[in-house]
Amino acid sequence: MYTFKSVTDFFKYCNEVAKSDSGLSSLSLTGEISEISPAASGHCYFSLKDDNGSVVSCVMFRSSFSRVTFRPKKGDKVTVTGSASFYAGNGRFQIICNSMSKVGTGDIREALNLLVKKLNDEGLFDAAHKKPLPRFPRRIGVITSSDGAVIHDIINTLNRRNPHFDLLLYPAHVQGTECPGDFISGINYFEERNNVDVIIVARGGGSLEDLMGFNDENLARRIYSCEIPIISAVGHETNNSISDYVADVRALTPTAAAEIVLEPLESLQREVDEWKYTLSSAIDYYISNQKNRLQLLKNHKALHSPGYSLSIQKEKLTAIKTRLNDIINVILSNEKQRTARVIDSLAMLGPANVLKRGFSYVSVNGTTVSSVNQLETDTDIDITLQDGTCVATIKDIKK
């Protein structure tokens, strides 16, 4: 018989027994997360249960929890590895976990690796097939959720860099079984109508399971076959998906995609100014050089020699002047056309041209309306078109 001086001594003994038992000191256990409480310290406390109602407490310290590749939540079926222990403070039997994986995750990763190899062997990831992005897109197509943070991040970033843009959103589920089909339909929509110059495929970060829609083989093949350049902006920097590999350009985040697709307005204006300065300097230099040549010809001793044919020299000087004027006119004409093309490209991005293409915008009391949440029924609104403004009253709102 063992005699213990205190309850604490008893639990310390139980803990030593657990450490000495090979079955308890190194174990693997599968169960459903019934409760979970990530702590501010980085540790995670949770419970696992089975179909019989048995429950065991678990703890995963920060160093181990930081290596978990998904965000565990209540109801997830997981497999943990670790060791059993008795916590003397409250007499609780618990498992100290050092790893956690979702049940079936290994199978998912194996299937995903096989698909990546298959598509890579077929050449779908080759750089030679990547299409360049247009420098001045007339309209940007975006496929993502209509009510998530991603579309707002993209629009805000574009507004900050260059407010003269035209964007068309195709709403889609960004996870689940409907996700791949929605994104394929979006690509079909843009390509059949040829109404955008570039497409952004986007969603926020998530676990491997959350992003599985972007590892779909049919979606990968549709991105590859699309004639319109596609930017893949799926997840955060640490996330990778097949859509990233097969797209023409991969952006680390949706915000990065917005920065890639449209140059800053200040940069474009600076480039136009540089071209104007280069053109002006080239013309001034050419004119100055030709004037010096004319002056040398004018002062040439042959012009002052009695035996020199004055009429012949006059003809030569006239020919030089004519040629000089022709060259200057050609240079001026070419550079004016080049400058005009740049200015026209910038003008295409302006709001006036957007209105000319049949678009309009809604405002209430001078404030632009971007969401139905800003409106109420029986409210007067201003609708601005290319040639004026009309007033309407909201009769019904459909979200």
Side-chain angles (χ1 to χ4, degrees), residues 131-174 178-204 213-214 219 222-223 225-234 243 247-251 253-265 268 344-363 368-375 383-386 398-399:
K131 294 178 286 296
L133 301 181
R135 188 179 182 192
F136 302 110
R138 293 168 300 172
R139 180 182 291 169
I140 302 165
V142 179
I143 310 175
T144 190
S145 172
S146 60
D147 55 3
V150 168
I151 186 61
H152 297 294
D153 290 343
I154 291 175
I155 292 175
N156 290 338
T157 302
L158 291 174
N159 272 323
R160 186 179 68 252
R161 291 171 64 81
N162 189 337
H164 307 298
F165 68 90
D166 193 5
L167 183 145
L168 186 59
L169 170 67
Y170 188 94
H173 291 85
V174 294
E178 296 175 298
C179 171
D182 284 357
F183 276 80
I184 290 173
S185 297
I187 295 173
N188 292 340
Y189 173 84
F190 288 134
E191 190 172 58
E192 289 169 1
R193 290 161 179 77
N194 194 28
N195 54 358
V196 296
D197 297 316
V198 62
I199 299 172
I200 298 176
V201 171
R203 71 146 283 159
F214 298 91
L219 175 57
R222 187 63 189 91
I223 292 174
S225 65
C226 182
E227 295 296 329
I228 301 172
I230 292 181
I231 301 174
S232 177
V234 177
S243 67
D248 298 296
V249 174
R250 185 216 173 186
T253 63
T255 297
E259 294 174 345
I260 291 171
V261 77
L262 197 61
E263 294 186 41
L265 181 60
L268 296 174
D344 288 344
S345 297
L346 289 175
M348 284 297 294
L349 301 175
N353 280 300
V354 175
L355 295 178
K356 287 180 181 179
R357 294 199 294 273
F359 291 85
S360 62
Y361 70 87
V362 177
S363 61
T368 301
V369 176
S370 60
S371 170
V372 295
N373 294 325
Q374 296 176 244
L375 300 174
I383 302 174
T384 300
L385 302 137
Q386 68 165 329
K398 296 180 181 180
K399 294 187 178 180

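Given the structure is predicted, the values throughout are model-derived calculations rather than measurements.
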Fill in: 4.5 Å side-chain heavy-atom contact, Ile187 and Ile230
yes
task = Could you tell me whether a side-chain N or O of Glu191 sits under 3.5 Å from a main-chain N or O of Glu227, the two making a donor and an acceptor?
result = yes
Residues Ile199 and Cys226: closest non-hydrogen pair is CD1-SG, 4.2 Å
Practice item. Using atom types as modelled and distance alone, determine if a side-chain donor or acceptor of Arg161 lies under 3.5 Å from a backbone N or O of Leu262. Key: yes
Per side chain to side chain contact (heavy atoms under 4.5 Å, CB included), Pro134 is matched among Val196, Val198, Ile140 by Val198
- Message: Show, in sequence, the C-alpha distance, side-chain angles and deciding distance for Ser145 and Val150, and conclude whether the side-chain contact (heavy atoms from CB on, under 4.5 Å) test is met.
- Response: CA-CA 8 Å; Ser145 172; Val150 168; over 6 Å; no
Ala202 backbone acceptor or donor facing Thr144 side chain under 3.5 Å: yes
task: Please report the C-alpha distance between Val174 and Phe183 in whole Å, then the side-chain angles of each, then the deciding distance to 0.1 Å, and finally whether the side-chain contact (heavy atoms from CB on, under 4.5 Å) criterion is met.
output: CA-CA 8 Å; Val174 294; Phe183 276 80; 4.2 Å; yes
| query | Do Thr253 side-chain atoms and Ala256 backbone N/O form a donor-acceptor pair below 3.5 Å? | reply | yes
Note: Val201 and Phe214 closest approach over all heavy atoms is CG1-CE2, 3.9 Å
What one should report as the nearest heavy-atom pair of Leu133 and Pro229 is CD2-CB, 3.8 Å
* Passes side-chain contact (heavy atoms from CB on, under 4.5 Å), Val261 versus Leu158? Steps please. -> CA-CA 9 Å; Val261 77; Leu158 291 174; 3.8 Å; yes
* For the residue pair Tyr170 and Tyr189, does the interplanar ring angle fall in the parallel (under 30°), tilted (30 to 60°) or perpendicular (over 60°) class? -> tilted
| message | Whether the side chain of Asp153 engages the backbone of Thr255 through a donor-acceptor N/O pair (distance < 3.5 Å, no angle test) should be reported. | response | no
(Q) Test side-chain contact (heavy atoms from CB on, under 4.5 Å) on Glu259 and Thr157; report intermediate values, then the result. (A) CA-CA 7 Å; Glu259 294 174 345; Thr157 302; 3.7 Å; yes
